[in-house]
Each structure stands twice: as structure tokens, then as C-alpha cells.
Protein chains: 2
Amino acid sequence: MKKQAATEIFESLSSGIRLDIYRLLVRTGPDGMVAGDIAAKLELPATNLSFHLKALTQAGLAAVTQEGRYQRYRANIPLMFELIAYLTDECCSGHPEKCAPSRKPAGSSEDAALLAALGRKRR
Amino acid sequence: MKKQAATEIFESLSSGIRLDIYRLLVRTGPDGMVAGDIAAKLELPATNLSFHLKALTQAGLAAVTQEGRYQRYRANIPLMFELIAYLTDECCSGHPEKCAPSRKPAGSSEDAALLAALGRKRR
DNA sequence: GACATAATTCAATAGTTGTTGTACTATTGA
DNA sequence: TCAATAGTACAACAACTATTGAATTATGTC
């Protein structure tokens with residue numbers, strides 16, 4: 001992942017509306033959702049939704065396919081995992097076990113599994 | 001994690017400069033880094049760095065402690081894991097195995113471990 | 001106390017982002 | 001072909017963000 005791709009993703013999700021859209025699409029999974037239904041669900045004007053969907057799509061967080069006159073949008077979930085890998089890749093200069101002392105107590109065992117899974121990537 | 005906290009985090013990392021700062025702090029781990037050294041490393045005017053560090057700190061991505069006349073900044077790494085959990089929590093309406101078909105081929109086994117670790121959280 | 005250093009705050013300004021209404025394109029169905 | 005529906009593109013404007021330089025606060029040193 002390149003830096004510009006990462007900032008574009010973060011920028012995409014820095015708006016409450018776009019975060020709502022993305023989370024809605026994550027919830028619907030591979031089924032995705034048609035633009036009009038998203039607009040109805042989130043009570044957004046079509047023109048405004050279109051603006052935000054464009055941002056999400058350009059960042060790669062959503063993909064769109066045409067179905068007749070409808071546009072179906074789906075979340076790109078793997079991209080989120082690439083993103084966090086990009087962020088934690090060089091964690092503690094390659095000694096991620098050092099991160100542990102600075103971690104919060106809550107959910108530490110689950111976090112350890114997560115950290116281990118991440119540690120297996122690109123190292 | 002509340003929605004506003006999430007958007008604040010994304011907003012924080014939507015700037016290339018703040019992303020550089022955060023990644024630098026992730027790399028230095030628990031040792032963190034003093035403001036002046038960050039400025040030198042990233043070749044930023046002190047006033048501009050201060051602006052960005054404030055944003056990162058307010059979002060909770062960095063923590064600051066005083067050391068004499070120096071300010072030492074450290075990355076809050078666990079917060080990133082909370083963030084991704086927040087995003088993927090309701091993945092496929094509670095059937096995250098459905099995400100698999102839409103995933104990219106690269107690194108799929110590591111991703112499965114990661115997904116499993118995430119699935120163990122708050123469910 | 002006087003001075004140097006580390007860092008932040010503030011004001012000004014250039015640039016960017018989000019929202020709305022209007023206009024446009026494409027598909028469906030009578 | 002004509003009208004209705006789904007969605008996007010564009011222009012205008014308000015609101016926000018980033019950068020810079022000057023001033024300020026706090027700590028350490030002579």
C-alpha cells in the first residue's frame with residue numbers, strides 16, 4: 001500500500017456520512033446495496049449520496065456494478081486489512097511484542113491473537 | 001467506539017503529514033519521540049508540527065508526556081485495533097465467513113487468521 | 001536575573017470540502 | 001416514441017483545513 005492510497009482511504013472515512021455508508025455496506029456484505037436504498041436508509045438527497053459514493057469508490061473502499069438502471073455498491077473489506085497492515089508493519093521497528101506494555105487492559109488476549117495474525121503478514 | 005471517535009481518528013490520518021508522524025511513532029514504539037526530533041526527521045516547521053500533533057493527540061492516536069522542556073509523543077497502537085473492530089463488527093450482518101468470496105486472492109490464509117481474531121471480539 | 005532553547009498559541013490567508021439546486025444521461029415500461 | 005425513474009455532473013457558496021510568521025509560555029543554563 002502506498003501512502004497516497006492510505007490517506008485517500010482515511011480521508012474517505014473521515015466524514016460521518018461516508019462512514020455510515022461504508023458500515024452499511026460492510027453489514028450487507030457481498031449482497032451490497034443499490035444507491036437508492038442507501039439514500040432511503042440514510043435519508044440523504046441523491047445528489048449528496050452520489051458525491052460521497054464517488055469518494056468511497058475512488059478510494060477503493062466501495063465497488064460499483066450496474067444492474068439495469070440501478071447502481072449496486074459493495075464494500076471492499078480486504079482493503080481495511082491491508083490498511084492496518086500498512087500502519088502496523090514497522091511496529092516497534094520489527095519487535096511488535098514491545099507494543100504489549102503500552103496496550104490497554106481491556107480485551108488483551110483477543111488483541112494478542114489479532115497482533116499475531118498481523119505479525120504473520122509481510123515480515 | 002463511538003462514531004465521532006472513529007471519524008476523528010480517520011480525519012487525523014487523512015493528512016499525509018499526520019500519517020507520516022503516526023507511522024514514525026508506531027515505529028519507535030514505547031520509546032516514542034520528542035517533538036523536536038520529529039520536526040527534524042520530517043523536516044517540518046515547529047509550528048506546523050505542533051498543529052498536527054495536536055490533532056493526533058486529540059483523536060487519541062498519540063499521547064504526550066513532558067520531559068523537562070521537551071514533549072515526548074507516543075503512538076496509541078491499541079486504538080487502531082479498536083477502530084478496525086468497530087468497522088468490521090457487523091461484517092456481513094454477523095456472518096463474516098461470507099466476506100471470503102469477495103476477498104482478493106493475495107494473503108488469504110493470513111487474512112483468515114486475522115478475521116478469526118477479529119471475530120472473537122465483541123460477539 | 002538574563003539568555004537560549006523547546007514548544008505552543010494566535011491571526012491571517014490560501015486552498016479544499018460539503019451541501020444544495022438545477023441540468024443532464026441512461027434505462028425501463030406503457 | 002414518450003414519460004417516469006435512477007443516478008450522476010456541474011456551479012455556487014458556506015464552512016472548514018493547512019500553512020506561515022510573530023508573539024507567548026515554560027524550562028534549563030550561564
Side-chain angles (χ1 to χ4, degrees), chain A residues 3-25 28 31-76, chain B residues 3-25 28 31-76:
Chain A
K3 178 172 142 188
Q4 207 200 319
T7 54
E8 243 182 283
I9 294 170
F10 286 124
E11 216 274 305
S12 292
L13 295 173
S14 68
S15 138
I17 290 182
R18 286 193 294 268
L19 186 57
D20 284 342
I21 297 170
Y22 181 73
R23 301 222 318 144
L24 183 56
L25 292 178
T28 58
D31 294 343
M33 213 167 170
V34 144
D37 291 345
I38 301 174
K41 175 89 179 178
L42 300 181
E43 297 179 6
L44 288 172
T47 179
N48 193 13
L49 175 68
S50 196
F51 171 81
H52 290 298
L53 281 173
K54 191 180 176 185
L56 285 169
T57 306
Q58 283 184 342
L61 284 172
V64 59
T65 54
Q66 186 163 0
E67 290 183 6
R69 63 179 143 176
Y70 301 88
Q71 303 289 321
R72 182 168 298 270
Y73 286 86
R74 291 180 181 85
N76 179 0
Chain B
K3 178 172 142 188
Q4 207 201 319
T7 53
E8 245 183 281
I9 294 169
F10 286 124
E11 216 275 305
S12 291
L13 296 173
S14 68
S15 137
I17 290 181
R18 286 194 294 269
L19 187 56
D20 284 342
I21 296 169
Y22 181 73
R23 301 223 315 146
L24 184 55
L25 291 178
T28 57
D31 293 343
M33 214 166 169
V34 144
D37 291 347
I38 301 174
K41 175 88 179 178
L42 301 180
E43 297 179 5
L44 288 172
T47 180
N48 193 14
L49 175 69
S50 198
F51 170 82
H52 290 296
L53 281 173
K54 192 179 176 185
L56 285 169
T57 305
Q58 283 184 343
L61 283 172
V64 60
T65 54
Q66 186 162 1
E67 290 183 6
R69 62 180 145 174
Y70 300 89
Q71 303 289 321
R72 181 169 298 271
Y73 287 87
R74 291 180 180 86
N76 179 0

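Per chain, numbering begins at 1; letters A, B, ... match sequence-line order. These numbers come from the heavy atoms of this one structure, side chains and all, not from hydrogens, waters or symmetry mates.
When side chains are defined from C-beta on, B:N48 counts as touching B:I17, because their heavy atoms get closer than 4.5 Å. With a 4.5 Å cut-off on side-chain heavy atoms, A:K3 and B:R23 do not count as touching. At a threshold of 4.5 Å between non-hydrogen side-chain atoms, the residues B:L25 and B:L61 do not count as touching. Side chains of B:F51 and B:R18 form a contact here, defined as non-hydrogen atoms less than 4.5 Å apart. Residues B:Y70 and B:D37 are not in side-chain contact: their nearest non-hydrogen atoms beyond the backbone lie 4.5 Å or more apart.
Nucleic acid contact for A:Q66: sugar-phosphate only, since backbone atoms but no base atoms lie under 4.0 Å from a heavy atom of the residue. Counting non-hydrogen atoms under 4.0 angstrom, B:R18 reaches the backbone sugars and phosphates but no base.
Out of D:dA4, D:dT29, D:dG7, the shortest distance to the side chain of B:R69 is found at D:dT29. With D:dA26, C:dA7, C:dT27 as the candidates, the nucleotide lying closest to the side chain of B:Y70 is C:dA7.
Side chain of A:S12 to backbone of A:E8: a donor-acceptor contact under 3.5 angstrom is found. In this structure, B:S50 contributes its side chain and B:T47 its backbone to no donor-acceptor pair below 3.5 Å.
Comparing the helix axis at one end of the helix from C:dG1-D:dC30 to C:dA30-D:dT1 with that at the other, each defined from 5 consecutive pairs, gives an inter-axis angle of 20° (nearest 10°).
If you check residues 34-54 of chain B against DNA chain D, the residues with a heavy atom closer than 4.0 Å are B:P45, B:T47, B:N48, B:F51, B:H52, listed by number.
Just one of A:R72, A:R74, A:Q71 meets the side chain to side chain donor-acceptor pair (under 3.5 Å) condition when paired with A:T65; it is A:R74.
OP1 and OP2 of D:dA6 both lie 4.0 Å or more from every side-chain N or O belonging to A:Y73.
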